[in-house]
Amino acid sequence: MNVLVINCGSSSLKYQILDMENETLLCKGLVERIGMDGSVITHEKIGMDKVKKEVPMKDHKDAIKQVLDAVQNAEYGVVSSMADIGAVGHRVVHAGEKFAESVLIDEKVIAALEECVELAPLHNTPNLYGIAACQELMPDTPMVAVFDTAFHQTMPPESYIYAIPYEYYEKYGIRRYGFHGTSHKYVAQRAASMLNVNINDLKLITCHLGNGASVSAIKHGRCIDTSMGFTPLEGLVMGTRSGDIDPAIVTYIRQKENLPQGAVNEILNKKSGVLGISGVSSDFRDLEEAVAEGNARAALALRVFAKKVRFYIGAYIAEMNGVDAIVFTAGVGENDMNMRELICTDLGNLGIKLDLIKNKIRGKETVISTEDSKVKLLLIPTNEELMIARDTYNIAQKSAK
Ligand code: AMP
C-alpha cells in the first residue's frame, strides 16, 4: 500500500509518498506561500532531479490539488491514479487529552480536534484545513491523524500538573502536553532495535535538538516526562524560543517596554533562544562560524543551550533512577558534533562517556559512546514521516478488515 503523508503549516505543506510493503520513500515535496503571491511547489521523485513549479494556490485545497497532480504526473509522478494511494496520514500537532494514539479520521475525530484548536491555533487550524481538503478531493481514501502530543499522554500527573490553581487545569486544560512525540517515539524504537534490547527493559533519554528542541524521559517504552509544556515554548533553549524562564519576566518586560498584549509572547517565541542571546542567528552553523571569528555572545548562546540540555539529562536520570541510553536527533542533534561534545563533556561520574572520534559523524545511525561508557550514546536521524506512514498503514489495514 502507498501512503501519502501530509504535514500542513499555515502557508506551507510538506508531503511524501511511501510504499509501505517495504517502507521505501517514492517521492517528497514542499508547497510554499499558500494563499500568497508566488505560491510554489517543489516535487522530487526519488532518484530524479527536483521539479519546481510556480502556480497560484489560494488555499490548502489548491495546494493539495497540485500535490495530487504532481504525484500522478506521467514524467515525475509515482502513482498512476488516485486509487494507488491507499491511505493518507496527517500530522496533527495538538490532540489535548483526547487522543493517546493515532486514529482513523471520522466526524467525531474532526469535532474533537476542532475543540483542540484553542490550544494550538497556529498549528491545528492548518492541520484541519489539510484534512478537509484531502477529504474533499479523495473522499474514498481512509485518513489517519497522527498527533505530536499523543506519545506524551502516558506521563503521570506529577509530570504534567503545573503548580498553579488546579481549577485552571480543570477549566482550561492548562497542563504539560509535550510535543515532538512522533520523533521521540521513533528514535526510542530505533534505539531499542540498535541495542537489541526490548524497549520495555530500557530507560532512555531522547534529545530532539532542532530549531525547536525537547527532551523526553522514556521508561520501559512509556514517556514519563518531557521538557515542552502547555505549548512548545517551555523547556530547552531553542533557535528563537526562550524555553524555561521565570514567569515574572513576562509582566516585567511588558511593563518596562510598554508593550501591547501578545507582544511578549512574540518576543519569547520568535526573538529569544540562541538568536536572542547571540544577536547573530538561530542557526547553529552561523553561530559556530561567529564563534570562530571570536563572537563572545554566540559562544555564550551555545553554552547556555548545552547547559540546559545537561540540566534535563540530569533531571531525567534522577526521575528514572538511571539511564541506559541517551539519543541525539533532529538538525542539531544529528549534525552538530561540537554541540554533542559540549553537552556530554564531564559526565563520567554519571557513566556517560562520549567517544570523540566516533562523534565526528553526521546524520548516520550510530553509537558514539566509548566502549566502557555505562550509558550508550546514540545518534539516530529522526523520521517522523515514516512513523506517520507506519501508523497510517496499520490503522488503514485494520479498518479495511
Ligand atoms: P530541524 O528543526 O530539526 O530541521 O533543525 C534545523 C537546525 O539544525 C538548523 O536551524 C541548524 O541550527 C541545525 N543544523 C542543521 N545542520 C547543521 C550542521 N551541519 N551543523 C550544525 N547545526 C546544524
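Numbering of ligands and ligand atoms starts at 1, following listing order.
The single protein non-hydrogen atom nearest to atom 2 (O) of ligand 1 is N211 N, 2.9 Å, given as residue, atom name and distance. Counting only heavy atoms of the protein, atom 20 (N) of ligand 1 lies nearest to R285 CG, 3.4 Å. Taking atom 14 (N) of ligand 1 as the reference point, the nearest protein heavy-atom neighbour is G331 O, 3.7 Å. What sits closest to atom 19 (N) of ligand 1 on the protein, heavy atoms only, is N335 CB, 3.5 Å. If you check which protein heavy atom lies closest to atom 13 (C) of ligand 1, you get V332 CG2, 3.6 Å.
Summarising the local packing, CD of E371 is surrounded by 12 or fewer heavy atoms from other residues, nucleotides or ligands at distances under 6.0 Å. Within a 6.0 Å sphere centred on CD of E158, other residues, nucleotides and ligands contribute more than 12 heavy atoms. Sparse packing is recorded around CG of N349, with 12 or fewer heavy atoms of other residues, nucleotides or ligands lying under 6.0 Å away.
Less than 4.0 angstrom separates some heavy atom of F284 from each of these atoms of ligand 1: 11 (C), 12 (O), 22 (N). Close approach to A330 involves these atoms of ligand 1, each under 4.0 Å from a residue heavy atom: 3 (O).
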Can you list, pair by pair, the side-chain donor-acceptor contacts under 3.5 Å of residues 118-131, counting residues two or more places apart and other chains?
| unit_1 | atom_1 | unit_2 | atom_2 | d |
| --- | --- | --- | --- | --- |
| N124 | OD1 | H94 | N | 2.9 |
| N124 | ND2 | H94 | O | 2.8 |
| T125 | OG1 | P121 | O | 2.7 |
| N127 | OD1 | V93 | N | 2.9 |
| N127 | ND2 | C8 | O | 2.9 |
| N127 | ND2 | H123 | O | 3.3 |

Return all side-chain donor-acceptor pairs below 3.5 angstrom for residues 192-199, not counting sequence neighbours, or 'none' if the list is empty.
| unit_1 | atom_1 | unit_2 | atom_2 | d |
| --- | --- | --- | --- | --- |
| S193 | OG | R190 | NH1 | 3.4 |
| N198 | OD1 | N200 | N | 2.8 |
| N198 | OD1 | N200 | ND2 | 3.3 |

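Closest approach of L30 and K14 over heavy atoms only: CD1-CG, 3.7 Å.
When only interatomic distances are considered, the shortest N/O to N/O separation between G210 and ligand 1 does not fall below 3.5 Å. Checked by distance only, ligand 1 and H208 stay at 3.5 Å or farther apart across all their nitrogen or oxygen atoms. Taking distance alone, with nitrogen or oxygen atoms compared against 3.5 Å, L209 stays at or beyond that limit from ligand 1.
In this structure, E319 does not pair ionically with K219, as no charged nitrogen and carboxylate oxygen lie closer than 4.0 Å.
Counting only heavy atoms, the protein never gets under 4.0 Å from atom 4 (O) of ligand 1.
When the heavy atoms of D336, D283, T382, T329 are ranked by distance to atom 11 (C) of ligand 1, first place goes to D283.
The distance between the ring centers of F284 and F305 falls below 6.0 angstrom.
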